[in-house]
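Both backbone and side-chain heavy atoms feed into the values below; hydrogens, waters and symmetry mates do not.
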Amino acid sequence: GLYLDHEQVYSGDLSGHIFHWSIDHGQIKHHIQIADSIRCFISDELVGTLSGLLYNVKTGAVVKNLQSTVICSAWNREKTVCLIGLGDGRLI
């Protein structure tokens, strides 16, 4: 999963590694590892996993269990509403 926001990038992999990168310097600013496979970044604060959990990117804490794989997410222009697509076909 990838998330790009101005001068920073967040990336995650199937091993549960979450990296926060500085675009200007190409260096890792922060790294954590969670006990799940990264599927989709929701924002610079949330990441969804294959098991359906939402994690806080900065702390690694579980925020919510969606009970189905997080497939994708999309924000409206104002970034006030976000749709999350799940593996069971639901949109939340």
- To the nearest 0.5 Å, tell me how far Arg39 CZ sits from Cys72 SG. 8.0 Å
- Cluster link Leu54 to Trp75, ILVMFWY, side chain under 4.5 Å: yes
- Note on the structure: Shortest non-hydrogen pair, Thr69 vs Leu50, comes out as OG1-O, 2.6 Å
- Item | Heavy-atom check, side chain of Leu2 versus side chain of Val9, under 4.5 Å | yes
- Query: Would you say the side chains of Gln67 and Asn65 form a donor-acceptor pair under 3.5 Å?
  - Reply: no
- Nearest atoms (heavy-atom pairs only) where Leu91 meets Gly85: CD2-CA, 3.7 Å
- Query: Please walk me through it: do Leu83 and Ile92 pass side-chain contact (heavy atoms from CB on, under 4.5 Å)?
  - Reply: CA-CA 6 Å; Leu83 283 176; Ile92 60 168; over 6 Å; no
- Mind checking what makes side chain to side chain donor-acceptor pair (under 3.5 Å) contact with Asp88, not counting sequence neighbours? Arg90
- Query: What is the ring orientation for His20 with Tyr10, classed by angle as parallel under 30°, tilted 30 to 60°, or perpendicular over 60°?
  - Reply: parallel
- Task: Establish whether Leu53 and Ile42 are linked, either directly or via other cluster members, by ILVMFWY side-chain heavy-atom contacts under 4.5 Å.
- Result: no
- Take Asp44 and Val57 through the test side-chain contact (heavy atoms from CB on, under 4.5 Å) and record every step on the way to the result. CA-CA 7 Å; Asp44 63 347; Val57 170; over 6 Å; no
- Message: Which heavy atom of Cys40 sits nearest to which heavy atom of Val70, and what is that distance?
- Response: CB-CG1, 4.0 Å
- Would Ile23 end up clustered with Ile28 when hydrophobic side chains under 4.5 Å apart are linked, directly or stepwise? yes
- Is Gln27 reaching over with its side chain to a backbone N or O of Ser22, donor-acceptor style, under 3.5 angstrom? no
- Note on the structure: Ser37 and Leu14 have their tightest heavy-atom pair at OG-O, 2.7 Å
- Message: Starting from Ile84, can I reach Ile18 by hopping between I/L/V/M/F/W/Y residues whose side chains sit under 4.5 Å apart?
- Response: no
- Query: Of the non-hydrogen atoms in Asn56 and Thr59, which two are nearest, and what is the gap between them?
  - Reply: OD1-N, 2.9 Å
- Look at the side-chain heavy atoms of Ile, Leu, Val, Met, Phe, Trp and Tyr, link any pair under 4.5 Å apart, and say whether Ile38 and Tyr3 land in one connected group. yes
- Message: For a quick test of reading the model, state the closest non-hydrogen atom pair linking Gly87 to Ser68 and the distance between them.
- Response: N-OG, 3.3 Å
- Task: For residues 27-61, pull every pair meeting ring pair (Phe, Tyr, Trp, His ring centres under 6.0 Å), keeping only residues two or more places apart or in separate chains.
- Result: His17-His31, Phe19-His31
- Task: For atom NZ of Lys58, decide whether the heavy atoms of other residues, nucleotides or ligands shown that lie under 6.0 angstrom number more than 12.
- Result: yes
